[in-house]
Amino acid sequence: MAARTPEERIYRAVMRIPPGRVATYGQIARVAGMPRHHRQVGRALRGLVDDGLVPWHRVVSASGTISLRSADGSAEREQRQRLAREGVVLDARGRVSLARFQWKRGVAP
DNA sequence: CTAGTGACTGTTT
DNA sequence: AAAACAGCCACTA
């Protein structure tokens, strides 16, 4: 068995998110087997290089808001666009309706 | 070594 | 709705 670093587990969990669904940081941490480590999730994704394997855009905050912050907000637009491409739309408040798009374990879309 | 900060969350005021 | 607190881990000064 290869040694899995916490980061690898996090990436693994993020990759488990089906298209058209989103997950919160806390949810990813939980799926990765590290409850209450949501901060590490954010840190891991921050250092992640987008190789197209990890759908980082499917990870949003617990309120459904996009936590990504950049000086010009380009990153936020990027995530929003990627989500829209999968059918995930934002409401007037600029947040994802978790009631509709949150990934539920064992529930296929 | 200590202190501050961060792609955070949940509970309590 | 908004703010305060506590919790958890890694990195930086």
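Naming: A, B, ... by sequence-line order, numbering from 1 per chain.
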* Can you check whether V59(A)'s main-chain N or O pairs, donor with acceptor, with Q79(A)'s side chain at less than 3.5 Å? -> yes

* When you compare dA7(B) with dA6(C), how far apart are their P atoms, in angstrom units rounded to a whole number? -> 22 Å

* Any side-chain heavy atom of W56(A) within less than 4.5 Å of one from E78(A)? -> yes

* Asked: What's the verdict on side chain to side chain contact (heavy atoms under 4.5 Å, CB included) for I10(A) and V54(A), showing C-alpha distance, side-chain angles and the deciding distance?
  -> CA-CA 10 Å; I10(A) 291 170; V54(A) 182; over 6 Å; no

* Can you find a heavy atom in the side chain of I17(A) that is under 4.5 Å from one in the side chain of V31(A)? -> no

* Structure fact -> Taken to the nearest whole Å, NE2/H37(A) to P/dA6(C) is 19 Å

* **Rounded distance (nearest 0.5 Å) linking atom CZ of R36(A) with atom CZ of R30(A)** => 10.0 Å

* **For DNA chain C, the residues among residues 92-101 of chain A that have a non-hydrogen atom under 4.0 Å from it** => R93(A)

* **Side-chain heavy atoms of H37(A) within contact of P6(A), under 4.5 Å** => no

* Would you confirm whether R82(A), through its side chain, and H57(A), through its main-chain N or O, come within 3.5 Å as a donor-acceptor pair? => no

* With the side chain counted from C-beta on, respond yes when L45(A) and Y25(A) share a heavy-atom pair under 4.5 Å apart, and no when they do not. => yes

* For a salt bridge (charged side-chain N to carboxylate O under 4.0 Å, His left out) with E7(A), tell me which candidate from R46(A), R12(A), R43(A) qualifies. => R43(A)

Review item, nucleotides 2-5 of chain C N/O atoms under 3.5 Å of protein N/O:
none

* Is it true that a side-chain atom of Q27(A) and a backbone atom of W103(A) form a donor plus acceptor pair closer than 3.5 Å? -> yes

* Asked: Roughly, in whole Å, what's the span from CZ in R43(A) to P in dG4(B)?
  -> 21 Å

* Does the side chain of P18(A) come within less than 4.5 Å of R58(A)'s, by heavy atoms? -> no

* Whole angstrom is fine here: how far is it from CG in L68(A) over to P in dG6(B)? => 14 Å

Below 3.5 Å is the cut-off: list the nitrogen or oxygen pairs between protein and nucleotides 8-12 of chain B, distance only.
{"residue": "dC8(B)", "atom": "O2", "partner": "H38(A)", "partner atom": "ND1", "Å": "2.9"}
{"residue": "dC8(B)", "atom": "N3", "partner": "R39(A)", "partner atom": "NH1", "Å": "3.3"}
{"residue": "dC8(B)", "atom": "N4", "partner": "R39(A)", "partner atom": "NH1", "Å": "2.8"}
{"residue": "dC8(B)", "atom": "N4", "partner": "R39(A)", "partner atom": "NH2", "Å": "2.3"}
{"residue": "dT9(B)", "atom": "OP1", "partner": "A62(A)", "partner atom": "N", "Å": "2.4"}
{"residue": "dT9(B)", "atom": "OP2", "partner": "A62(A)", "partner atom": "N", "Å": "3.1"}
{"residue": "dT9(B)", "atom": "O4'", "partner": "H38(A)", "partner atom": "NE2", "Å": "3.0"}

* Spacing between I10(A) atom CD1 and dA7(B) atom C1', to the nearest angstrom -> 12 Å

